[in-house]
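None of the values given here were measured: they were computed from a predicted structure. Order of appearance sets the numbers: ligands from 1, and atoms from 1 within every ligand.
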Amino acid sequence: MAMVEWSNAYSVDIQEIDEQHKCLIDIMNDLYTALVNNSNRDLIGDVLDKLVDYTKVHFSVEETLMRIFEYDGYEAHKEKHDRIVAKVLTYQGQFRGGNDKVGMELLLFLKDWLFNHINTVDKAYTKTFHKAGVKKRWLKKFW
Ligand SMILES: [Fe+2]
């Protein structure tokens, strides 16, 4: 059962970034499945690490594009990403320290945050990216 569902309403109209957001959702659902199935701690820890890593990778991609295309909302957007990463790293540290409950807390936190962030903060860069030549559709899946 999926906890988080993608909808086209969340599209930023740049397929590469949409696919990354979907990938983030897939990992969130993997974590949810691992948690509700009471999977062993190592497995939950692995999925949680994957979620943290992919979140960082995805933010780096967005931030790089913003800098390349001289997006004027860069500083404010980056600040938001930094705050999320700090929070997520705190959850990860607590889990590693033995707190089993933080897996679900992290998931709920990211779920609430993700869609709100896509719809308000991410969609704001679309116009700048399109103007700079970023394609709406990607060429092919390569990762
Ligand atoms: Fe973002």
Students often mix this up, so state it plainly: with edges at 30° and 60°, are the rings of H81 and H77 parallel, tilted or perpendicular?
perpendicular
For the CG atom of D26 and the NZ atom of K50, what is their distance to the nearest 0.5 Å?
8.5 Å
Please tabulate, for side-chain N and O atoms in residues 88-100, each donor-acceptor pair with protein atoms closer than 3.5 Å (sequence neighbours left out).
from : atom 1 : to   : atom 2 : distance (Å)
T90  : OG1    : A86  : O      : 2.8
Q92  : NE2    : D49  : OD1    : 2.9
R96  : NH2    : D49  : OD1    : 3.3
N99  : OD1    : K101 : N      : 3.0
D100 : OD1    : R41  : NE     : 2.4
D100 : OD1    : R41  : NH2    : 2.9

For the NZ atom on K22, are there more than 12 heavy atoms of other groups (residues, nucleotides or ligands in this structure) within a distance under 6.0 Å?
yes
Testing H130, E19, R137 for side-chain contact (heavy atoms from CB on, under 4.5 Å) with I14, which one passes?
H130
Please check if any side-chain donor atom of D18 sits under 3.5 Å from a side-chain acceptor atom of S11, or the reverse.
yes
Taking 2.8 Å as the distance threshold, tell me the number of protein N/O/S atoms next to the Fe ion (ligand 1).
5
